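Here's the structure, in structure tokens; my notes come after.
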Amino acid sequence: MSEIIGGVPVVLPLLLWKTPPGLEQILAQEGVAYDVVRDAHPFAFRGGRFVLFDGRRTPASEVHELLTSTHVAVDVDAFREGEDVDPFQALVDDRPMRGCWEVRGWTLRERVARHDRGGIRRRLIDGLREIVARRDGVWLRLAPFPHPFRSAFNLRVDLDEPVAEDYFRFALGRNMLGECCTHFVSTHAYQGEREVLADLATRDAQSHGHYHYVYRDAEANLKNLERADRILRDRGFEPEGFAAPHGRWNASLDDAIESLGYAYSSDFQLGYDDFPFFPWKAGRFSRVLQVPVHPICEGLFLDAGATDGRDVAEHLARVVDEKVRANEPAFVYGHPERRLGRMPEVPLALGEALSRHQLVWRTTLTEMARWWRWRDSRKWLAIARGPGRVEVQFDDWSADYPLALEVVRGGHRCLMPLHGP
């Protein structure tokens with residue numbers, strides 16, 4: 001037995017044996033090929049060279065008995081050393097906390113995810129990539145955005161109150177950003193605003209629930225979402241996404257979203273400033289994709305005492321600059337009513353920030369979710385074909401999106417478009 005295919009060592013996928021679900025979650029986010037080994041027998045490990053296991057669950061001696069000398073066993077328990085909390089547990093922790101930020105002299109507060117999932121992901125992936133490099137491996141991933149884009153931008157807009165005048169004021173500034181706004185509509189507030197709904201008919205409009213409230217009771221959440229879904233469809237919309245009021249999330253709410261067949265949600269009390277991910281709940285991954293956004297909106301500045309939009313504009317523009325430079329999603333959010341509709345400097349600053357960068361995908365959250373789910377469904381492997389040569393093979397090829405492969409070595413990145421399987 002050996003982990004080779006046709007006599008050639010398999011570079012990827014990484015093989016996961018009894019590892020925490022948080023590890024599987026971040027590998028999926030990164031677009032790295034991996035397989036979960038379910039049966040403990042030597043032949044199960046033929047499909048890869050790097051075998052990841054958790055020493056807290058499985059002794060290293062037990063793992064090594066199943067492997068050959070050509071395998072590299074990686075105990076992910078080492079990544080817990082020096083951390084304040086178990087990083088793998090933090091990645092699946094769905095409890096919120098009260099976040100606090102000092103921004104331009106203002107103290108801003110909001111309930112957000114208890115842990116910075118994006119920061120944890122980056123630390124763990126950096127450590128794992130270093131291990132692979134030291135053992136003569138190569139780090140490949142599917143690029144996080146359609147080729148040739150290196151980042152993505154979206155302005156998420158939550159419509160909570162029926163102030164049509166402010167919506168149309170905001171719409172004037174929105175025109176500077178193009179078709180990269182996603183609107184989450186509270187139907188209790190807007191079901192009677194025909195002009196607003198007519199304007200939204202040509203844009204990305206999704207569900208914010210009927211009443212602007214998240215319930216603890218599963219049945220109440222389902223009824224609230226079903227009512228909003230029915231109203232939106234009666235008005236000609238076809239919702240496939242949801243954003244929870246106040247960014248709240250709980251498992252019963254996710255159950256309701258799943259039951260409606262929605263593709264994604266966007267709830268910063270579960271995750272923020274991160275790649276999209278599928279939440280872990282009740283021993284499995286949800287079928288609803290989470291598309292995180294930056295959790296600081298204009299309302300936090302107003303709550304802190306700010307009286308105009310200048311500080312809001314400068315903060316959100318800085319966030320966009322930082323996320324684009326980091327090659328991650330630059331997704332920010334806000335509210336038109338009594339806020340963005342009266343802050344024209346905000347869309348203007350966002351437009352100016354985008355003008356400073358190239359290769360930014362100006363997209364809707366709905367299209368981002370479609371892309372991410374498509375990317376997540378690609379199955380592929382990498383096989384060594386001699387010194388410095390690797391062949392990538394796809395089991396499930398599709399030309400729906402322009403896909404690229406990213407090779408990372410040290411501080412260098414190479415992005416290669418893929419035109420076939």
Side-chain angles (χ1 to χ4, degrees), residues 13-14 16 19-36 38 52 76 87-96 112-122 124-125 128 141-145 152 154 156 182 206-207 214 218 221 225 239-244 247-293 295 328-329 331 363-380 396 401:
L14 303 176
L16 311 186
T19 53
L23 177 62
E24 186 175 347
Q25 186 181 77
I26 62 173
L27 289 175
Q29 286 180 288
E30 288 290 319
V32 176
Y34 71 89
D35 277 337
V36 178
R38 312 236 178 238
L52 281 54
V76 299
F88 300 109
Q89 184 60 40
L91 288 168
V92 297
D93 189 346
D94 59 21
R95 297 173 298 167
V112 295
R114 184 172 294 265
H115 305 284
D116 177 8
R117 293 171 179 263
I120 294 172
R121 169 180 57 81
R122 287 185 285 272
L124 293 177
I125 291 297
L128 184 57
R141 73 170 186 173
L142 301 184
F145 310 104
N154 176 268
R156 170 185 138 183
T182 296
Q206 305 297 328
S207 174
V214 173
N221 278 324
L225 267 67
E240 55 186 286
F242 174 80
R248 293 176 182 169
W249 184 94
N250 60 49
S252 72
L253 176 65
D254 194 79
D255 291 340
I257 304 170
E258 280 188 323
S259 70
L260 288 173
Y262 284 4
Y264 75 99
S265 187
S266 180
D267 312 311
F268 50 78
Q269 288 193 20
L270 185 64
Y272 59 88
D273 288 335
D274 194 8
F275 284 144
F277 65 94
F278 290 95
W280 179 258
K281 66 169 188 179
R284 67 174 177 88
F285 287 105
S286 171
R287 294 189 296 274
V288 179
L289 181 70
Q290 276 291 323
V291 183
V293 298
E328 297 211 347
F331 295 162
T363 185
T364 64
L365 294 190
T366 303
E367 187 61 27
M368 180 67 176
R370 292 170 182 166
W371 149 257
W372 203 267
R373 295 176 73 93
W374 179 88
R375 171 183 178 265
D376 184 72
S377 67
R378 300 308 96 192
K379 302 301 180 186
W380 60 285
D396 184 15
Y401 288 94

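Everything numeric here is computed off the predicted structure, so don't read it as measured data.
In this structure, the separation between CG on Asp93 and NE2 on His115 is 4.0 Å, given to the nearest 0.5 Å. Atom CG of Leu124 and atom CG of Leu27 lie 9.5 Å apart (nearest 0.5 Å). The CD atom of Gln269 sits 11.0 Å away from atom CZ of Arg114, with the distance rounded to the nearest 0.5 Å. To the nearest 0.5 Å, atoms CH2 (Trp371) and OG1 (Thr364) are separated by 14.0 Å. The CZ atom of Arg378 lies 10.5 Å from the OH atom of Tyr401; values are rounded to the nearest 0.5 Å. Distance check, rounded to the nearest 0.5 Å: OH of Tyr262 to CD1 of Ile257 gives 9.0 Å.
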**Item:** side chain to side chain contact (heavy atoms under 4.5 Å, CB included) between Asn154 and Val291, intermediate numbers included
**Value:** CA-CA 11 Å; Asn154 176 268; Val291 183; over 6 Å; no
**Request:** Begin with the C-alpha distance, continue with both residues' side-chain angles, and end with the deciding distance and a verdict on side chain to side chain contact (heavy atoms under 4.5 Å, CB included) for Phe285 and Gln25.
**Result:** CA-CA 9 Å; Phe285 287 105; Gln25 186 181 77; 4.0 Å; yes
**Request:** May I have the step-by-step check of side chain to side chain contact (heavy atoms under 4.5 Å, CB included) for Arg248 and Leu253, ending in yes or no?
**Result:** CA-CA 9 Å; Arg248 293 176 182 169; Leu253 176 65; 5.8 Å; no
**Message:** Between Phe268 and Asp273, does the side chain to side chain contact (heavy atoms under 4.5 Å, CB included) criterion hold? Intermediate values first, please.
**Reply:** CA-CA 9 Å; Phe268 50 78; Asp273 288 335; over 6 Å; no
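Under a cutoff of 6.0 Å and an axis angle of 45°, Arg370 and Trp374 do not form a cation-pi pair.
The side-chain heavy atoms of Pro144 and Trp372, taken from C-beta on, include a pair separated by under 4.5 Å. Using a 4.5 Å cut-off on side-chain heavy atoms (C-beta onward), Phe331 and Pro292 make no contact. Taking 4.5 Å as the limit, every side-chain heavy atom of Asp376 sits out of range of all side-chain heavy atoms of Leu289. Side-chain contact check for Phe275 versus Glu328: some heavy-atom pair is nearer than 4.5 Å. Residues Val32 and Ile125 fail the side-chain proximity criterion, which asks for heavy atoms closer than 4.5 Å. Two residues are said to be in side-chain contact when any heavy atoms from C-beta on lie closer than 4.5 Å; Phe88 and Ile120 fail this criterion. In this structure, the side chains of Thr363 and Phe145 stay at 4.5 Å or more apart for every pair of heavy atoms. Contact of the Asp267 side chain with the Asp254 side chain is not registered, since no non-hydrogen atoms from C-beta on lie closer than 4.5 Å.
Considering every non-hydrogen atom in both Trp380 and Gly31, the closest pair reads CZ2-O, 3.4 Å. Minimum interatomic distance between Thr19 and Leu52 (heavy atoms only, all atoms of both residues): CG2-O, 3.3 Å. Residues Leu142 and Arg375 approach most closely at O-NH2, 2.8 Å, considering heavy atoms.
When each of Arg121, Gln290, Arg117 is checked for a side chain to side chain donor-acceptor pair (under 3.5 Å) with Asp274, only Arg121 meets the rule. Put simply, the residue from Leu91, Ile26, Leu270 that forms a side-chain contact (heavy atoms from CB on, under 4.5 Å) with Phe277 is Leu270.
Salt-bridge annotation for Lys281 and Asp94: absent, with no side-chain N of the basic residue lying under 4.0 Å from a carboxylate O of the acidic one.
Within 6.0 Å of CZ in Arg284 there are more than 12 heavy atoms belonging to other residues, nucleotides or ligands.
The closest donor-acceptor contact from the side chain of Ser207 to the backbone of Pro239 lies at 3.5 Å or more, if one exists at all. Side chain of Ser266 to backbone of Ala243: no donor-acceptor contact under 3.5 angstrom is found.
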